[in-house]
There are 2 protein chains.
Amino acid sequence: MTYRLPPLNGLRAFEAAARHRSFTGAADELCVTPGAVSQLVKALETALDTRLFHRSARAITLTPEGKKYLPAIRRAFEEIAAATEATAPGLPGRKLRLGITPDLDRAGSAVLRGLVGRKGTRDIVGQRVADDPGLLVQGGSLDALLRLSDEGCAGLHLDRMTVIAADRSRLDAVLVTRPGIAGCRQHKSLVMLLARAARESN
Amino acid sequence: MTYRLPPLNGLRAFEAAARHRSFTGAADELCVTPGAVSQLVKALETALDTRLFHRSARAITLTPEGKKYLPAIRRAFEEIAAATEATAPGLPGRKLRLGITPDLDRAGSAVLRGLVGRKGTRDIVGQRVADDPGLLVQGGSLDALLRLSDEGCAGLHLDRMTVIAADRSRLDAVLVTRPGIAGCRQHKSLVMLLARAARESN
DNA sequence: CTCGAGACATAGATTTCCTGATGCTCGCCG
DNA sequence: CGGCGAGCATCAGGAAATCTATGTCTCGAG
(Lines give C-alpha, C1' and ligand atoms only; values in the text may rest on other atoms or scores of the structure.)
Protein backbone atom coordinates (compact mmCIF):
# COMPACT_ATOMS: atom_id res chain seq x y z
CA MET A 1 0.00 0.00 0.00
CA THR A 2 1.19 3.42 -0.95
CA TYR A 3 0.31 6.55 0.95
CA ARG A 4 -0.41 9.92 -0.51
CA LEU A 5 1.06 12.21 2.09
CA PRO A 6 1.46 15.97 2.01
CA PRO A 7 4.71 17.62 3.17
CA LEU A 8 5.00 16.37 6.72
CA ASN A 9 6.89 19.31 8.13
CA GLY A 10 4.25 21.62 6.79
CA LEU A 11 1.68 19.47 8.52
CA ARG A 12 3.50 19.90 11.76
CA ALA A 13 3.59 23.66 11.33
CA PHE A 14 -0.12 23.62 10.51
CA GLU A 15 -0.99 21.70 13.65
CA ALA A 16 1.14 23.91 15.88
CA ALA A 17 -0.20 27.11 14.33
CA ALA A 18 -3.77 25.93 14.75
CA ARG A 19 -3.15 25.08 18.38
CA HIS A 20 -1.51 28.42 19.17
CA ARG A 21 -3.86 30.33 16.87
CA SER A 22 -0.70 32.10 15.83
CA PHE A 23 2.27 31.59 13.56
CA THR A 24 4.46 33.31 16.09
CA GLY A 25 3.45 30.95 18.86
CA ALA A 26 3.99 27.96 16.63
CA ALA A 27 7.40 29.32 15.72
CA ASP A 28 8.40 29.39 19.39
CA GLU A 29 7.34 25.81 19.80
CA LEU A 30 9.11 24.67 16.68
CA CYS A 31 12.27 26.66 17.39
CA VAL A 32 12.13 28.62 14.14
CA THR A 33 11.08 32.10 13.05
CA PRO A 34 7.50 33.06 12.22
CA GLY A 35 8.50 33.51 8.61
CA ALA A 36 9.51 29.88 8.41
CA VAL A 37 6.13 28.77 9.75
CA SER A 38 4.40 31.00 7.29
CA GLN A 39 6.31 29.42 4.44
CA LEU A 40 5.75 25.87 5.63
CA VAL A 41 2.01 26.40 5.92
CA LYS A 42 1.85 28.04 2.57
CA ALA A 43 3.74 25.15 1.00
CA LEU A 44 1.28 22.75 2.57
CA GLU A 45 -1.66 24.74 1.27
CA THR A 46 -0.12 24.74 -2.17
CA ALA A 47 0.42 21.00 -2.09
CA LEU A 48 -3.18 20.43 -1.03
CA ASP A 49 -4.45 23.18 -3.28
CA THR A 50 -6.60 24.16 -0.32
CA ARG A 51 -6.53 27.15 1.96
CA LEU A 52 -6.28 26.11 5.62
CA PHE A 53 -6.13 29.47 7.40
CA HIS A 54 -7.79 32.81 7.01
CA ARG A 55 -5.14 35.45 7.59
CA SER A 56 -5.95 38.80 9.01
CA ALA A 57 -3.41 41.33 10.13
CA ARG A 58 -3.85 40.45 13.80
CA ALA A 59 -4.73 36.79 13.85
CA ILE A 60 -5.25 33.60 11.94
CA THR A 61 -8.35 31.43 11.98
CA LEU A 62 -9.01 28.05 10.45
CA THR A 63 -11.04 27.82 7.29
CA PRO A 64 -13.77 25.16 7.20
CA GLU A 65 -11.33 22.89 5.37
CA GLY A 66 -8.70 23.50 8.01
CA LYS A 67 -11.21 22.75 10.75
CA LYS A 68 -12.10 19.53 9.07
CA TYR A 69 -8.50 18.55 8.50
CA LEU A 70 -7.06 19.33 11.90
CA PRO A 71 -8.48 16.62 14.18
CA ALA A 72 -7.10 13.75 12.14
CA ILE A 73 -3.70 15.37 11.93
CA ARG A 74 -3.71 15.88 15.65
CA ARG A 75 -4.63 12.26 16.28
CA ALA A 76 -1.88 11.13 13.96
CA PHE A 77 0.74 13.17 15.76
CA GLU A 78 -0.50 11.96 19.11
CA GLU A 79 -0.15 8.43 17.90
CA ILE A 80 3.38 9.03 16.69
CA ALA A 81 4.39 10.85 19.83
CA ALA A 82 3.01 8.14 22.07
CA ALA A 83 4.68 5.36 20.10
CA THR A 84 7.95 7.23 20.09
CA GLU A 85 7.85 7.82 23.80
CA ALA A 86 7.06 4.15 24.35
CA THR A 87 9.78 2.84 22.08
CA ALA A 88 12.47 5.44 22.72
CA PRO A 89 11.80 7.61 25.77
CA GLY A 90 13.21 11.11 25.65
CA LEU A 91 14.70 10.98 29.13
CA PRO A 92 15.04 7.29 29.75
CA GLY A 93 14.89 6.42 33.40
CA ARG A 94 15.72 9.72 34.97
CA LYS A 95 14.12 12.92 36.13
CA LEU A 96 13.96 16.14 34.19
CA ARG A 97 16.42 18.61 35.67
CA LEU A 98 14.60 21.92 35.90
CA GLY A 99 16.41 25.17 36.55
CA ILE A 100 14.60 28.02 38.27
CA THR A 101 15.95 31.54 38.08
CA PRO A 102 16.56 33.63 41.22
CA ASP A 103 13.70 36.00 40.27
CA LEU A 104 11.19 33.21 40.23
CA ASP A 105 12.61 31.43 43.20
CA ARG A 106 12.26 34.59 45.22
CA ALA A 107 8.61 34.87 44.23
CA GLY A 108 8.12 31.82 46.39
CA SER A 109 5.55 29.93 44.39
CA ALA A 110 4.24 26.90 46.25
CA VAL A 111 4.54 24.59 43.27
CA LEU A 112 8.06 25.62 42.50
CA ARG A 113 9.04 25.17 46.10
CA GLY A 114 7.74 21.64 45.87
CA LEU A 115 9.86 20.98 42.81
CA VAL A 116 13.05 22.30 44.32
CA GLY A 117 12.36 20.38 47.52
CA ARG A 118 14.40 17.43 48.68
CA LYS A 119 13.24 14.89 46.14
CA GLY A 120 11.24 16.89 43.63
CA THR A 121 8.45 14.80 42.11
CA ARG A 122 8.53 11.45 40.42
CA ASP A 123 9.49 13.10 37.14
CA ILE A 124 11.19 16.35 38.01
CA VAL A 125 13.94 17.67 40.19
CA GLY A 126 14.32 21.43 40.48
CA GLN A 127 17.24 23.61 41.44
CA ARG A 128 17.93 27.30 41.67
CA VAL A 129 20.29 28.45 38.94
CA ALA A 130 21.51 31.57 37.19
CA ASP A 131 19.26 33.00 34.48
CA ASP A 132 21.28 31.60 31.59
CA PRO A 133 19.83 29.55 28.71
CA GLY A 134 23.38 28.44 27.99
CA LEU A 135 22.91 25.83 30.70
CA LEU A 136 20.63 23.97 28.30
CA VAL A 137 23.25 23.01 25.77
CA GLN A 138 23.55 19.36 24.88
CA GLY A 139 25.43 17.70 27.72
CA GLY A 140 24.74 20.64 30.04
CA SER A 141 23.45 20.36 33.57
CA LEU A 142 19.83 21.26 32.81
CA ASP A 143 16.98 19.94 30.70
CA ALA A 144 14.69 22.92 31.10
CA LEU A 145 14.81 26.41 32.55
CA LEU A 146 11.96 28.45 33.96
CA ARG A 147 12.52 32.18 33.67
CA LEU A 148 10.76 35.45 33.03
CA SER A 149 12.14 36.48 29.69
CA ASP A 150 12.35 34.79 26.32
CA GLU A 151 15.51 36.60 25.33
CA GLY A 152 18.46 34.66 24.02
CA CYS A 153 16.46 31.51 23.43
CA ALA A 154 16.90 31.12 19.69
CA GLY A 155 16.77 27.47 18.77
CA LEU A 156 15.19 26.44 22.05
CA HIS A 157 11.65 25.27 22.65
CA LEU A 158 9.45 27.76 24.48
CA ASP A 159 6.27 27.28 26.49
CA ARG A 160 4.60 30.31 28.01
CA MET A 161 3.26 29.66 31.48
CA THR A 162 1.67 31.51 34.34
CA VAL A 163 3.26 31.05 37.74
CA ILE A 164 1.44 31.95 40.95
CA ALA A 165 3.67 33.77 43.45
CA ALA A 166 3.44 33.49 47.23
CA ASP A 167 1.46 36.75 47.34
CA ARG A 168 -0.99 35.26 44.84
CA SER A 169 0.17 37.57 42.02
CA ARG A 170 0.55 36.05 38.58
CA LEU A 171 3.86 36.02 36.78
CA ASP A 172 4.27 35.47 33.05
CA ALA A 173 7.05 32.95 32.86
CA VAL A 174 8.69 31.08 30.01
CA LEU A 175 9.65 27.45 30.20
CA VAL A 176 12.66 27.03 27.96
CA THR A 177 13.42 23.46 26.99
CA ARG A 178 16.16 21.70 25.13
CA PRO A 179 14.78 20.52 21.79
CA GLY A 180 14.50 16.75 21.63
CA ILE A 181 13.26 16.69 25.20
CA ALA A 182 10.19 18.88 24.80
CA GLY A 183 7.12 16.70 24.82
CA CYS A 184 8.58 13.68 26.58
CA ARG A 185 6.76 12.22 29.56
CA GLN A 186 8.60 14.20 32.21
CA HIS A 187 8.22 17.45 30.31
CA LYS A 188 4.50 16.94 29.85
CA SER A 189 4.21 16.15 33.51
CA LEU A 190 5.89 19.45 34.35
CA VAL A 191 3.74 21.50 32.01
CA MET A 192 0.62 19.88 33.43
CA LEU A 193 1.69 20.53 36.97
CA LEU A 194 2.26 24.22 36.37
CA ALA A 195 -0.88 24.62 34.30
CA ARG A 196 -3.02 22.97 36.96
CA ALA A 197 -1.55 25.14 39.70
CA ALA A 198 -2.28 28.28 37.70
CA ARG A 199 -5.79 27.16 36.89
CA GLU A 200 -6.64 26.27 40.46
CA SER A 201 -5.74 29.66 41.85
CA ASN A 202 -8.47 31.76 40.35
CA MET B 1 0.11 20.47 24.29
CA THR B 2 3.50 19.96 22.77
CA TYR B 3 4.51 16.89 20.82
CA ARG B 4 7.83 15.21 20.84
CA LEU B 5 8.19 14.02 17.29
CA PRO B 6 11.12 12.37 15.56
CA PRO B 7 12.18 13.46 12.05
CA LEU B 8 9.02 12.91 10.05
CA ASN B 9 10.64 12.23 6.73
CA GLY B 10 12.78 9.57 8.33
CA LEU B 11 9.61 8.06 9.73
CA ARG B 12 8.19 7.90 6.27
CA ALA B 13 11.27 6.19 4.95
CA PHE B 14 11.14 3.75 7.85
CA GLU B 15 7.55 2.83 7.15
CA ALA B 16 8.12 2.38 3.44
CA ALA B 17 11.28 0.34 3.97
CA ALA B 18 9.51 -1.91 6.45
CA ARG B 19 6.66 -2.45 4.03
CA HIS B 20 8.91 -3.27 1.10
CA ARG B 21 11.41 -5.12 3.28
CA SER B 22 13.96 -3.25 1.22
CA PHE B 23 15.55 0.17 1.03
CA THR B 24 15.53 -0.07 -2.74
CA GLY B 25 11.83 -0.73 -2.90
CA ALA B 26 11.15 2.12 -0.54
CA ALA B 27 13.32 4.35 -2.68
CA ASP B 28 11.17 3.60 -5.75
CA GLU B 29 8.07 4.48 -3.85
CA LEU B 30 9.53 7.68 -2.49
CA CYS B 31 11.11 8.71 -5.77
CA VAL B 32 14.65 8.90 -4.40
CA THR B 33 17.77 6.71 -4.45
CA PRO B 34 18.35 3.85 -2.03
CA GLY B 35 21.18 5.79 -0.47
CA ALA B 36 18.80 8.54 0.51
CA VAL B 37 16.51 6.06 2.23
CA SER B 38 19.45 4.54 4.03
CA GLN B 39 20.44 7.95 5.32
CA LEU B 40 16.94 8.93 6.38
CA VAL B 41 16.48 5.73 8.34
CA LYS B 42 19.83 6.09 9.95
CA ALA B 43 19.04 9.66 10.97
CA LEU B 44 15.80 8.44 12.51
CA GLU B 45 17.60 5.71 14.41
CA THR B 46 20.08 8.26 15.68
CA ALA B 47 17.33 10.60 16.83
CA LEU B 48 15.60 7.77 18.66
CA ASP B 49 18.86 6.28 19.80
CA THR B 50 17.33 2.95 18.83
CA ARG B 51 18.12 0.52 16.05
CA LEU B 52 15.04 -0.21 13.94
CA PHE B 53 16.42 -2.58 11.28
CA HIS B 54 18.86 -5.43 11.21
CA ARG B 55 20.89 -5.08 8.05
CA SER B 56 22.28 -8.05 6.24
CA ALA B 57 23.86 -8.04 2.82
CA ARG B 58 20.73 -9.31 1.10
CA ALA B 59 17.88 -7.98 3.13
CA ILE B 60 16.70 -5.91 6.03
CA THR B 61 14.53 -7.09 8.90
CA LEU B 62 12.90 -5.22 11.72
CA THR B 63 14.42 -5.35 15.17
CA PRO B 64 12.03 -5.99 18.07
CA GLU B 65 11.93 -2.22 18.65
CA GLY B 66 11.15 -1.64 15.00
CA LYS B 67 8.39 -4.24 15.12
CA LYS B 68 6.89 -2.54 18.12
CA TYR B 69 7.18 0.92 16.60
CA LEU B 70 5.83 0.21 13.14
CA PRO B 71 2.11 -0.37 13.67
CA ALA B 72 1.51 2.98 15.31
CA ILE B 73 3.43 4.79 12.61
CA ARG B 74 1.44 3.00 9.97
CA ARG B 75 -1.83 3.92 11.65
CA ALA B 76 -0.73 7.53 11.86
CA PHE B 77 0.12 7.70 8.17
CA GLU B 78 -3.15 6.03 7.27
CA GLU B 79 -4.96 8.62 9.30
CA ILE B 80 -3.13 11.45 7.58
CA ALA B 81 -3.59 9.98 4.13
CA ALA B 82 -7.31 9.44 4.67
CA ALA B 83 -7.84 12.93 6.02
CA THR B 84 -5.85 14.42 3.18
CA GLU B 85 -7.81 12.54 0.57
CA ALA B 86 -11.05 13.62 2.23
CA THR B 87 -10.10 17.26 2.50
CA ALA B 88 -8.09 17.69 -0.67
CA PRO B 89 -8.54 14.83 -3.13
CA GLY B 90 -5.57 14.13 -5.39
CA LEU B 91 -7.66 13.94 -8.55
CA PRO B 92 -10.76 15.88 -7.63
CA GLY B 93 -13.80 14.76 -9.57
CA ARG B 94 -12.18 13.06 -12.48
CA LYS B 95 -10.81 9.73 -13.55
CA LEU B 96 -7.20 8.70 -13.52
CA ARG B 97 -5.85 8.71 -17.06
CA LEU B 98 -3.87 5.52 -17.42
CA GLY B 99 -1.54 4.94 -20.33
CA ILE B 100 -0.83 1.41 -21.52
CA THR B 101 2.16 0.70 -23.71
CA PRO B 102 1.80 -1.18 -27.00
CA ASP B 103 3.67 -4.21 -25.59
CA LEU B 104 1.18 -4.64 -22.80
CA ASP B 105 -1.81 -3.81 -24.90
CA ARG B 106 -0.82 -6.50 -27.34
CA ALA B 107 -0.61 -9.03 -24.52
CA GLY B 108 -4.37 -8.66 -24.34
CA SER B 109 -4.96 -8.85 -20.63
CA ALA B 110 -8.63 -9.01 -19.77
CA VAL B 111 -8.37 -6.42 -17.01
CA LEU B 112 -6.51 -3.97 -19.18
CA ARG B 113 -8.98 -4.41 -21.97
CA GLY B 114 -11.71 -3.47 -19.51
CA LEU B 115 -9.84 -0.32 -18.58
CA VAL B 116 -9.28 0.81 -22.13
CA GLY B 117 -12.88 0.04 -23.01
CA ARG B 118 -15.48 2.61 -23.82
CA LYS B 119 -15.93 4.09 -20.40
CA GLY B 120 -13.20 2.55 -18.30
CA THR B 121 -14.25 2.12 -14.69
CA ARG B 122 -15.64 4.59 -12.23
CA ASP B 123 -12.13 5.74 -11.36
CA ILE B 124 -9.97 4.99 -14.36
CA VAL B 125 -9.90 5.53 -18.06
CA GLY B 126 -7.21 3.73 -20.05
CA GLN B 127 -5.69 4.45 -23.42
CA ARG B 128 -2.96 2.96 -25.54
CA VAL B 129 0.07 5.24 -25.71
CA ALA B 130 3.74 5.22 -26.62
CA ASP B 131 6.15 3.87 -24.02
CA ASP B 132 7.31 7.27 -22.81
CA PRO B 133 7.37 8.37 -19.17
CA GLY B 134 7.63 11.93 -20.45
CA LEU B 135 3.85 11.84 -20.87
CA LEU B 136 3.61 12.04 -17.09
CA VAL B 137 4.97 15.52 -16.68
CA GLN B 138 2.87 18.03 -14.80
CA GLY B 139 0.17 19.16 -17.16
CA GLY B 140 0.75 16.20 -19.45
CA SER B 141 -1.95 13.96 -20.85
CA LEU B 142 -1.44 11.05 -18.42
CA ASP B 143 -1.57 10.42 -14.70
CA ALA B 144 -0.01 6.97 -14.76
CA LEU B 145 1.68 4.68 -17.22
CA LEU B 146 1.79 0.91 -17.18
CA ARG B 147 4.86 -0.48 -18.90
CA LEU B 148 7.39 -3.27 -18.73
CA SER B 149 10.56 -1.42 -17.83
CA ASP B 150 11.48 0.96 -15.04
CA GLU B 151 14.03 2.81 -17.14
CA GLY B 152 13.95 6.55 -17.33
CA CYS B 153 11.62 6.92 -14.38
CA ALA B 154 13.80 8.94 -12.04
CA GLY B 155 11.64 11.11 -9.82
CA LEU B 156 8.50 9.14 -10.57
CA HIS B 157 6.60 6.85 -8.24
CA LEU B 158 6.91 3.14 -9.08
CA ASP B 159 4.71 0.18 -8.20
CA ARG B 160 5.68 -3.25 -9.40
CA MET B 161 2.75 -5.30 -10.57
CA THR B 162 1.99 -8.60 -12.24
CA VAL B 163 -0.25 -8.54 -15.29
CA ILE B 164 -1.97 -11.63 -16.63
CA ALA B 165 -1.82 -11.89 -20.41
CA ALA B 166 -4.50 -13.42 -22.64
CA ASP B 167 -2.48 -16.65 -22.84
CA ARG B 168 -2.43 -16.73 -19.04
CA SER B 169 1.30 -15.96 -18.87
CA ARG B 170 2.44 -13.50 -16.20
CA LEU B 171 4.19 -10.27 -17.10
CA ASP B 172 6.23 -8.20 -14.66
CA ALA B 173 4.98 -4.69 -15.24
CA VAL B 174 5.71 -1.37 -13.62
CA LEU B 175 3.05 1.18 -12.85
CA VAL B 176 4.69 4.57 -13.11
CA THR B 177 2.79 7.39 -11.47
CA ARG B 178 3.14 11.11 -11.27
CA PRO B 179 4.17 12.03 -7.71
CA GLY B 180 1.41 13.82 -5.85
CA ILE B 181 -1.13 11.48 -7.38
CA ALA B 182 0.21 8.19 -6.09
CA GLY B 183 -1.97 7.00 -3.27
CA CYS B 184 -5.09 8.96 -4.10
CA ARG B 185 -8.40 7.16 -4.31
CA GLN B 186 -8.32 6.45 -8.02
CA HIS B 187 -4.74 5.24 -7.87
CA LYS B 188 -5.49 2.88 -5.02
CA SER B 189 -8.47 1.60 -6.90
CA LEU B 190 -6.26 0.82 -9.89
CA VAL B 191 -3.61 -0.93 -7.84
CA MET B 192 -6.26 -3.02 -6.12
CA LEU B 193 -7.85 -3.97 -9.41
CA LEU B 194 -4.63 -5.21 -10.91
CA ALA B 195 -3.54 -6.96 -7.74
CA ARG B 196 -6.85 -8.77 -7.44
CA ALA B 197 -6.74 -9.89 -11.07
CA ALA B 198 -3.25 -11.27 -10.60
CA ARG B 199 -4.20 -13.03 -7.39
CA GLU B 200 -7.30 -14.62 -8.81
CA SER B 201 -5.53 -16.26 -11.73
CA ASN B 202 -3.46 -18.80 -9.91
C1' DC C 1 34.94 -19.18 -7.81
C1' DT C 2 32.58 -15.85 -9.92
C1' DC C 3 28.77 -13.03 -10.38
C1' DG C 4 24.94 -10.14 -9.04
C1' DA C 5 22.07 -7.86 -5.71
C1' DG C 6 21.78 -4.92 -2.23
C1' DA C 7 23.52 -2.23 1.86
C1' DC C 8 26.95 1.19 3.33
C1' DA C 9 30.14 5.22 3.13
C1' DT C 10 31.73 9.52 1.38
C1' DA C 11 32.11 13.64 -1.24
C1' DG C 12 30.12 16.90 -4.01
C1' DA C 13 26.13 19.04 -5.73
C1' DT C 14 21.59 20.44 -5.31
C1' DT C 15 17.68 21.62 -3.11
C1' DT C 16 15.31 22.87 0.70
C1' DC C 17 14.77 25.52 4.47
C1' DC C 18 15.64 29.25 7.60
C1' DT C 19 16.80 33.86 8.82
C1' DG C 20 16.65 38.77 8.87
C1' DA C 21 14.95 42.82 6.90
C1' DT C 22 11.15 45.22 5.15
C1' DG C 23 6.41 46.35 4.15
C1' DC C 24 1.60 45.89 5.02
C1' DT C 25 -2.81 45.75 7.58
C1' DC C 26 -5.54 46.19 11.32
C1' DG C 27 -6.91 47.45 16.02
C1' DC C 28 -5.90 50.47 19.83
C1' DC C 29 -5.33 54.79 21.94
C1' DG C 30 -4.17 59.39 22.61
C1' DC D 1 -7.76 61.48 12.97
C1' DG D 2 -2.98 59.95 13.06
C1' DG D 3 0.60 57.52 15.39
C1' DC D 4 1.91 53.19 17.57
C1' DG D 5 2.33 48.09 18.06
C1' DA D 6 1.43 43.31 17.01
C1' DG D 7 1.52 39.99 13.75
C1' DC D 8 1.61 38.07 9.03
C1' DA D 9 3.63 38.19 4.07
C1' DT D 10 7.42 38.44 1.17
C1' DC D 11 12.09 38.36 -0.58
C1' DA D 12 16.91 37.67 -1.08
C1' DG D 13 20.82 35.55 0.72
C1' DG D 14 22.97 32.06 3.13
C1' DA D 15 23.04 27.94 6.03
C1' DA D 16 21.80 23.35 6.42
C1' DA D 17 19.82 19.28 5.11
C1' DT D 18 19.24 16.13 1.55
C1' DC D 19 20.10 13.74 -2.67
C1' DT D 20 22.98 11.64 -6.16
C1' DA D 21 26.87 9.32 -7.79
C1' DT D 22 30.46 6.36 -7.09
C1' DG D 23 33.01 2.84 -5.05
C1' DT D 24 33.44 -0.93 -1.58
C1' DC D 25 31.85 -4.81 0.89
C1' DT D 26 29.20 -8.90 2.01
C1' DC D 27 26.45 -12.56 1.10
C1' DG D 28 24.05 -16.11 -1.53
C1' DA D 29 23.23 -18.36 -6.01
C1' DG D 30 24.91 -20.88 -9.70
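Quick note on labels: first sequence line is chain A, next is B, and so on, each numbered from 1.
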With Asp123(A) as partner, the option from Lys95(A), Arg185(A), Lys188(A) fulfilling salt bridge (charged side-chain N to carboxylate O under 4.0 Å, His left out) is Arg185(A)
List the atom of [X], the atom of [Y], and the distance in Å for their closest heavy-atom pair.
X: Gly180(A); Y: Arg4(B); answer: O-NE, 3.2 Å
X: Glu151(A); Y: Pro133(A); answer: O-CG, 4.2 Å
X: Arg12(B); Y: Leu30(B); answer: NE-CD2, 3.9 Å

Handout entry: Under 3.5 Å donor-acceptor pair, Gln39(A) side-chain atoms to dT16(C) base atoms
Key = no
Within residues 3-28 of chain A, the residues having a heavy atom closer than 4.0 Å to DNA chain C are none
Contact check, residues 155-162 of chain A vs DNA chain C, heavy-atom distance under 4.0 Å, returns none
Taking only side-chain N and O atoms of [X], does any of them lie within less than 4.0 angstrom of OP1 or OP2 on [N]?
X: Arg55(A); N: dG7(D); value: no
X: Thr33(B); N: dC19(D); value: no
X: Lys42(B); N: dA9(C); value: yes
X: Ser38(B); N: dC8(C); value: yes

Interatomic distance, [X] [atom1] vs [N] [atom2] [rounded to whole Å]:
X: Arg51(B); N: dA7(C); atom1: CZ; atom2: P; answer: 14 Å
X: His54(B); N: dC8(C); atom1: NE2; atom2: P; answer: 13 Å
X: Glu45(B); N: dA9(C); atom1: CD; atom2: P; answer: 11 Å

Residue pair Ala36(A)/Arg58(A) against DNA chain C: nearer the 5' end by closest nucleotide is Ala36(A)
By nearest-heavy-atom nucleotide on DNA chain C, the more 5' of Ala57(A) and Pro34(A) is Pro34(A)
- salt_bridge(Arg74(A), Glu15(A)) N-O dist < 4.0 Å: yes
For residues 156-188 of chain B, the ring-ring contact (aromatic ring centres under 6.0 Å, His included) pairs (sequence neighbours left out) are His157(B)-His187(B)
Quick note, ring-ring contact (aromatic ring centres under 6.0 Å, His included) partners involving residues 24-52 of chain A, not counting sequence neighbours, are none
| message | Does Arg94(A), at its CZ atom, have more than 12 non-hydrogen atoms belonging to other residues, nucleotides or ligands within less than 6.0 Å? | response | yes
By salt bridge (Lys or Arg N to Asp or Glu O under 4.0 Å), Arg58(A) pairs with (sequence neighbours left out) none
With five pairs defining each end axis, the helix from dC1(C)-dG30(D) to dG30(C)-dC1(D) comes out bent, to 10°, by 30°
Less than 4.5 Å apart, side chain to side chain, heavy atoms only: is that true for Tyr3(B) and Ile80(A)? no
Distance col, row Thr84(A):OG1 vs Glu79(A):CD, nearest 0.5 angstrom, shows 10.0 Å
